[in-house]
Every structure is written in C-alpha cells, then in structure tokens.
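All ligand and atom numbering here is 1-based and tracks the order in the structure. The first residue of the sequence shown is numbered 1, and numbering continues consecutively from there.
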Amino acid sequence: MSNPFSGQSIESARRALAAQLKSAQLDEAELDARILIGAALGLDLTGLVVQAARPLTTAEASRLSQHAQRRLAGEPVARILGTREFWGLPFRLSEATLVPRPDTETVVELALEIFRERQISHPPHIADIGTGSGAILLALLHEIPDAFGVGTDVSLTALNTARDNATTLGLAGRAGFVACSYASALRGPFDLIVSNPPYIPSAEIPTLSIEVRKHDPRLALDGGNDGYDAYRALIPQASERLAPGGALIVEAGQGQARNIETLMAAAGLTMDRPPKADLAGIPRAISARKMPP
Ligand code: SAM
Ligand code: GLN
C-alpha cells in the first residue's frame, strides 16, 4: 500500500495528518498530529518548525503512517508514545498500567495540603494502594524529599513499570513496591495513604470512550456492580494502618463522593474538610483523618 506521507514535507505531512484525525472526529486533532509527527521524527516543536520544509525520509514516512493508523484505530497518543507526563514528571506506561489522568493530580494536591499542615518529626511514610505506573506515589516522593513510600498492586507488570519509573525519576531509594490486594500485606503505620482505585461500575465500561475501554486495563477500571468494591475493601484496611493524625486521600468517580465519605466514617475516620474539586468542578479527592485516641 502506498504511504500517504512519503515525499511530503514535514509541514504538509503534519497538516495532512491533522486533517485525517479531524475527519475521524478526534477532539485534539491538531495537537495529536504535532505530537505524533514529533515522535515519529524524534523532533521537538522547535525542530519541527525549523525543519518544516524538509521532505520526510522513507523510514520517517513509514513510522508516521504507523502512528496515524494506531491513533485512527482509537489508541491514545500516550499509549503510542509509551509515556505520559503527570505532575510535570515523565511516566513510562505498559499494557498493565492506566494512563495517569490530570484529574488525579487533585489527589496529589490535597495530600500535599494536608501533609503540609502537620508537623511530623520523623520521615513521613506514604502508601499508594493500586499504584499502576506509580504516578501518585512518585509525585508525592518528589515533593516530600525525606518521605519513604510503598506502592501496591495486584499486577506484577504494573509494579515493574512503577519500579522502573521510580528508578528513572531518581526515587528508587525511597520507594518500595509490593504485590498484594489493596493494603493487605502492609503493616504501617502510615502518615498518608493515597489511592485512585478502580471505580467504574462494571456495566458502564462498554459505554466509555474507545481510548479507555479498549486501551486501559480492565483491572484498573472495574469497580464491580455499583463501582464501590475497591473502596469497601481498602478503606477499612487503610484505617487500620494509619498513624494517629494520619490521612487517607482517595480519588472519587463523578457522583461518588458522598458514599465514599459514608464508608470512611463507618471505618472510624473523621472528615475534616470538603472534597477537593478537579478542574471541571467535580469533587475528585476525598480525605479523612484518623484522630488520635
Ligand atoms: N494509581 C494509578 C493512577 O492513578 O494512575 C493507577 C490507578 S488505576 C485506576 C487502579 C490500579 O489498581 C490499577 O493499577 C490496578 O491494577 C490496581 N488494582 C486493581 N485491583 C487491585 C487490588 N485488589 N489490589 C491492589 N491493586 C489493585
Ligand atoms: N479516571 C478513569 C476514567 O475516567 C477511571 C479510573 C478509575 O477507575 N479510577 O475512566
């Protein structure tokens, strides 16, 4: 099959790709086209501008065509590149990891707010339950230079990816990774426990966008019949493992904040602030404290 990009200049290939993505109704066609051509050619934005008139080599045209086919088939740009930025840090992805979402940065923000209100005289201990790529844990370790942390997951592949990310980010000396269900293998006590668990009701998964339903791992999404299976399991476990004064911060799906607070209260935790909203105004990060006896 002939390659639509061969013989074209960088600029005309970029425009052709953007038009192709736009006609497939992809929302971020211009941006995606720029990122995909940059990745296929190994050029940043400046490189693309400076070399705009240069023709693509055969190898470049072929790589770009493969990227285009994958995007047109619904694969997210982050999966094609194999990496995604979270909290300004680069995270490598694998099949077993969710693509970290900007919404989840709300969990990091709230955890830092709560942490910085307290005076802790020892190096803080953090647990991230269902760590995936390690996004939340490694963002927190990056921000709190004397903290130690552990991430859990039931996927060994995800744990390997998280460990690689810790190494790349220079955080491996302060991060451990443990295969277990939720927090079951952890002892604590922890000053902070964070989690973005799977929370989509099983029946809603087929209604999600193709980028999510086909390319994010089901294990990372499926929250059981009503979406709350993971919260019911992990909130009592977290409560038992928090230090007095410690906090649990979890991500909530849209409309789930109230029920999560009820589960937290039932596990003996105290709500001392409202949920933190994400950029779309959705209550996204829910926190509760373990009060000292
Ligand atoms: N924390 C990452 C983030 O925010 O990008 C990943 C979140 S993803 C929504 C949920 C993660 O929980 C997945 O990595 C999944 O493998 C993991 N998971 C699912 N069931 C689990 C269980 N029973 N125990 C521990 N982790 C689990
Ligand atoms: N935020 C993901 C989505 O929008 C879901 C991740 C999760 O279940 N925690 O699909």
Side-chain angles (χ1 to χ4, degrees), residues 76 78-79 83-87 89-111 126-141 149-163 165-166 175 177-186 192-224 226-238 241 249-257 260 278-280 282-286:
R79 295 259 173 231
T83 162
R84 171 74 179 214
E85 196 171 284
F86 178 84
W87 201 259
L89 305 169
F91 285 86
R92 204 168 69 69
L93 306 174
S94 61
E95 283 172 15
T97 60
L98 186 88
V99 176
R101 310 286 206 265
D103 296 341
T104 303
E105 295 184 341
T106 314
V107 173
V108 177
E109 284 167 16
L110 183 58
I126 303 173
D128 178 14
I129 302 178
T131 197
S133 61
I136 306 176
L137 179 69
L138 298 174
L140 289 172
L141 293 179
V150 57
T152 74
D153 212 291
V154 282
S155 162
L156 291 176
T157 312
L159 289 169
N160 277 329
T161 306
R163 198 175 286 116
N165 283 326
F177 294 95
V178 173
C180 69
S181 188
Y182 303 114
S184 55
L186 305 182
L192 282 177
I193 301 182
V194 291
S195 184
N196 170 21
Y199 55 60
I200 312 282
S202 311
E204 283 178 26
I205 291 177
T207 70
L208 302 175
S209 72
I210 187 167
E211 282 85 353
V212 178
R213 104 178 105 79
K214 224 176 131 207
H215 297 281
D216 277 319
R218 182 161 184 123
L219 197 55
L221 301 173
D222 194 340
D226 63 358
Y228 294 94
D229 280 4
Y231 298 108
R232 275 190 290 265
L234 80 85
I235 290 172
Q237 290 183 4
R241 290 159 176 80
I249 299 101
V250 301
E251 178 164 328
Q254 190 163 3
Q256 292 179 325
I260 292 171
D278 64 19
L279 291 173
I282 296 165
R284 189 59 77 186
I286 321 295

key: ligand 1 atoms in contact with Cys180 (distance to a heavy atom under 4.0 Å)   = 24 (N), 25 (C)

Closest protein heavy atom to [atom], given as residue, atom name and distance to 0.1 Å:
atom                    : result
atom 1 (N) of ligand 1  : Gly130 O, 2.9 Å
atom 16 (O) of ligand 1 : Asp153 OD1, 2.6 Å
atom 3 (C) of ligand 1  : Asn196 ND2, 3.7 Å
atom 23 (N) of ligand 1 : Ser181 OG, 3.0 Å

Kindly confirm or rule out an N or O of [X] lying under 3.5 angstrom from an N or O of ligand 1.
X      : answer
Thr104 : no
Asp128 : no
Ile129 : no
Ser155 : no

task = Examine ligand 1 and decide if any of its atoms is less than 4.0 Å from a heavy atom belonging to Ala230.
result = no

key: Criterion side chain to side chain donor-acceptor pair (under 3.5 Å) against Thr161, the qualifying member of Ser133, Ser94, Ser155   = Ser94

ask   = With a 4.0 Å heavy-atom cut-off (strictly under), which part of Ala158 contacts ligand 1: side chain, backbone, both or neither?
value = neither

key: Under-4.0 Å heavy-atom contact with ligand 1, by part of Thr97 that carries it   = neither

inquiry  = I'd like to know if Leu208 contacts ligand 2, where contact means a heavy-atom distance under 4.0 Å to any ligand atom.
reply    = no

